[in-house]
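Order of the sequence lines fixes the chain letters, A, B, ..., with proteins taken first and strands second; residue numbering starts at 1 for each chain.
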Amino acid sequence: MPVQLLKIIEGQSETPLPSHLQKEDLKHLQEGCDHTNKYIQGIVTLSYPLTKLKDGTDFFKIVVQDSDDLCPQINSINVFIYGKMAEDCAKIIRHGETFIVAGFKVIKLPTEREDARHDCHLEVSEEAGSTIYIYTKPGATAALETVSVSVAPKYVYTPLNHLKDGTVVNLYGVVKFFKPPYISKGTDYCSIVTLVDPSNVKLTCSLFSGNLDSLPKIYKVGDIVRFHRIKIREYNGQMQGITSGGFASLTFDGTVGAPVVPRTSSRVYTFMDEEQKAVEELRVWAASNISISGPATKLSGVQPMLFFDLTCQLVGKAKVDGSSFLLKVWDGTECPYPTWKVPVEAKDLEGEKGLLHQLRNLAVDILVYDNHVQLAESLKIGSFLRIYSIHAKEASADNEDVSHMEFHLHGGTCYGRGIGVLPESNPDVKELKEFLDSVTLTDSQNMESVCSMDIDSTFGNVTDLELHLQRCQQLSVTVLTDHQDLSNTELKTITSSTAPQQYRIRAKLRTYKPQKLHQSVKLHCSKCNSLHEVPDRDDFDFILHGSARTAPNPELHNTSWYESVTWTTQEQKQREIVIHFVKHDEMLQHPEDTLIMIEGGTLKEIWKLTKRFKCVIPVRSTEDDLELLDLSAPFLLKGNVKYYGCKQCSTPKPVKNLNSIAAEQQPSWEPTEIAQVLGIELLQYVFIMKFTLVDETGSLNAYLFDYEKFFQIPASEILTSNFLQQKMQMTMNALCPPGRKLGDLPWLECFIKSYNVRDTVKNQVYYQIFDTTVAEDVV
DNA sequence: TTAGGATTGG
């Protein structure tokens, strides 16, 4: 969190600006772009009197002219300063002074400007984390120069690895485990919440409150919470959080890309851009660091001996006895097993009789026990619930031929067992409601046929909507290798959102580039992030020819760690070829285990040697050592693969460093290890492709950057394998069958992440596919 | 104060 600071500095040299800040030209300023590390500098040409807004906030407006870049079209901008900063600035800012601001917000107004002023204005305030620097002219009044205001951030958030016993702190965390609020044995409700954050430290909090509403509204693992004033204590050698006076919490959906709307009962809370940023950052972190259980279980998917969470609607309830209570719920799907019916007196059953009859095959009985009874009694018919850790138990009564399924919510709160009421605004509830509505509609049309069906015909009464859903959920030609819990985002939503974010999408591949697949293979340096074309054989040949002019140096033959053999070719123009066989334990190894270094060989000769020996390193002689060839040539050949080094990032070391690998007990001659001892930054083969993806709402171009995972073909091997090239072509034909209409293209499920790329003129958002692979059965 | 995560009974 940037420290909000307002300073007066005499002369620019006295206190330099923070080094991460870069000057932004007015003409490059755009609403919606990330200006986090930018500042705007200009001369104050106009200022207005300090005023107060309707809500009492101080407001100060100035006009700042970019003195370095007097672009005739845009040379000045309005700056709106709010709150304490407005008051401070109004006191000290004078015309002609240099004004610098970082941490501003760019706002575009709908009206077109006709003067040379920017059509956006800057909004500046402590709350937005802005920093203002004013360079006063020498000789300004002494009183002004002494003004220096330093404002501490309003809230400081402690990472979970920095918690100390006995402190009261504010913190953010991702929910790793929780028990929904339940009635404790004392006087309060209790909720247990275990948080984790990017420090990877866990914190379990015991939260108590007499008011159910003031406990965090956590609905699922992965939700993000902000706690204010939580007390930290040590318990059993671990830090523990516990509610203290003034405890307050906000809870957010943990889904990347979902709106950042806090769930809270407080009417007053601080929530600024910084909070939004904190939540978004935690979401992205959580997406790849928290394992969230798979898709929610529906009644149609329950298995015996399963504990599951169910999102459902309450349609009936009844007192059974002192220690158990019956809930009748449905989720629109039908349990594939016969379900038990808990016998209760008709007079004890609360709920709409007509609906209960209508739903008699879809609603299930859940018996809740002990501590859950009191809460269950208070539930309202029609409300939406999430019941956590229901036990699905297969049982058979003596008088039954077939077994049935029972649903129990056992007593206690182990594993978060409990009942939570979901608000109608909850996205899962919205989805469920839509589904239930459609089921009710269908049922009212053919109720009799549905109800007359044999209950054992498991999927006999699948509704039209379900059929439609099944069609929509037809198998994708790609599968996700992680984060299956994320729900899909429409492409239009993605293209209209700011980056960086991560999304799960379901789209069709309209086209891709390059169409010639071998052109998709590049070499990538993970250190400097550069991409290179794979050199062709002519390049290598040329370098080999060049190095052949250097005569082998006999003094370098037969050392302690290699044995050397020299051949003279029988061609007209005689050539000398030297092969140095690297020894292990002073012994030569089998050829297939041996690394050789070669001087003076041709492309063909080297290629032949790679078939016989484990590794081949082309070298040439210098006065006192062997050295690698130019890095445009492969520094190592192993199997079918030529390994290259990054020219920019490599600092070749003496070849004798290989000795350290040779001396290992069982030298593996791994290219990464060889590269390391030779000071080579290994370039990796990678597929780079551009996929044009479409769905019903829009399209976007996403880059595929894949070493091996997506195609399940190593990029390093494809250039030398006809078989793999054919396999890749077939894969692409499956993902994007040539000559098909858009509607007939298969679906792809992918993860994509958006990211910003800024050049001198503008910021652009790109998308990259990740954690996605071609489905096994596609090729 | 309460709970302090860590299933399986009715």
I want to check one thing: is the phosphate of dG10(B), taken as OP1 and OP2, less than 4.0 Å away from some side-chain N or O of Lys393(A)? yes

Leu409(A) CG to dT8(B) P, straight-line distance once rounded to whole Å: 12 Å

Using atom P of each nucleotide, how far apart are dT8(B) and dG4(B) to the nearest Å? 15 Å

Just to confirm, is there a sub-4.0 Å distance from OP1 or OP2 of dA6(B) to any side-chain nitrogen or oxygen of Lys179(A)? yes

Tell me if the centroids of the rings in His228(A) and Tyr157(A) come within less than 6.0 Å of each other. yes

Please classify the nucleic acid contact of Gly411(A) as base, sugar-phosphate, or nothing, using heavy-atom distances under 4.0 Å. base

Ring centres under 6.0 Å, that's the criterion: do Tyr388(A) and Phe178(A) meet it? yes

Please assess Lys220(A) against Asp309(A) for the test salt bridge (charged side-chain N to carboxylate O under 4.0 Å, His left out), listing each intermediate value before the final yes or no. CA-CA 10 Å; Lys220(A) 54 170 88 165; Asp309(A) 298 344; over 6 Å; no

Please classify the nucleic acid contact of Asp370(A) as base, sugar-phosphate, or nothing, using heavy-atom distances under 4.0 Å. base

Using a cut-off of 4.0 Å on non-hydrogen atoms, how would the nucleic acid contact of Ser389(A) be classed: base, sugar-phosphate, or nothing? base

Closest approach to the side chain of Lys176(A), judged atom by atom: which nucleotide of dG4(B), dT8(B), dG5(B) is it? dG5(B)

Per Thr413(A) side chain, nearest of listed nucleotides dT8(B), dG4(B), dT2(B): dG4(B)

Starting at atom CZ of Phe178(A), determine the distance to atom P of dA3(B), rounded to an integer number of angstrom. 19 Å

dT2(B) P sits how many Å from Asp188(A) CG, rounded? 11 Å

Identify whether a stacking contact exists between Phe208(A) and dT2(B), where the ring centres must be under 5.5 Å apart and the planes under 30° apart. yes

Strictly under 6.0 Å, is that where the ring centroids of Tyr415(A) and Phe307(A) end up? no

Value in whole Å for how far the C1' atom of dA6(B) lies from CD of Gln238(A): 13 Å

Separation of dG10(B) P from Asp365(A) CG (nearest whole Å): 17 Å

Compare the ring of Phe307(A) with the six-membered ring in the base of dT8(B) and state whether they stack (centres under 5.5 Å, planes under 30°). no

Closest listed nucleotide, where the reference is the side chain of Thr204(A) and the choices are dA3(B), dT7(B), dG5(B): dG5(B)

Under the criterion side-chain contact (heavy atoms from CB on, under 4.5 Å), which of Val344(A), Leu326(A), Leu327(A) is the partner of Lys317(A)? Leu327(A)

Kindly point out which of dA6(B), dG10(B), dT7(B) is positioned nearest to the side chain of His410(A)? dG10(B)

Winner on side-chain proximity to Arg417(A), out of dG4(B), dT8(B), dG5(B), is dT8(B)

Could you walk me through whether Asp365(A) and Lys328(A) satisfy the salt bridge (charged side-chain N to carboxylate O under 4.0 Å, His left out) test, starting with their C-alpha distance in whole Å, then the side-chain angles of each, then the deciding distance to 0.1 Å, before giving a yes or no? CA-CA 5 Å; Asp365(A) 285 6; Lys328(A) 283 180 178 284; 2.8 Å; yes

In whole angstrom, what separates Lys185(A)'s NZ from dA3(B)'s P? 5 Å

Look at the side chain of Tyr415(A) and decide which nucleotide, out of dG5(B), dA3(B), dG9(B), has an atom nearest to it. dG5(B)

Closest to the Cys190(A) side chain: dA3(B), dT8(B), dG5(B)? dA3(B)

Could you check whether Leu367(A) gets within reach of a base, just the sugar-phosphate, or nothing at all, counting any heavy atom under 4.0 Å? nothing

Interatomic distance, Ile183(A) CD1 vs dA3(B) C1' [rounded to whole Å]: 15 Å

Return yes if the base of dG10(B) and the side-chain atoms of Ser324(A) contain a donor-acceptor N/O pair under 3.5 Å, otherwise no. no

Of the nucleotides dG4(B), dA6(B), dG10(B), which has the atom closest to the Cys414(A) side chain? dA6(B)

Rounded to the Å, how far apart are Asn371(A) CG and dG10(B) P? 17 Å

May I ask you to check whether Phe751(A) and His483(A) place their ring centers less than 6.0 Å from one another? yes

Using a 4.0 Å heavy-atom cut-off across all strands, classify Tyr388(A) as base, sugar-phosphate, or nothing. nothing

Among the nucleotides dG4(B), dG10(B), dG5(B), whichever has the atom closest to the side chain of Ser206(A) is dG4(B)

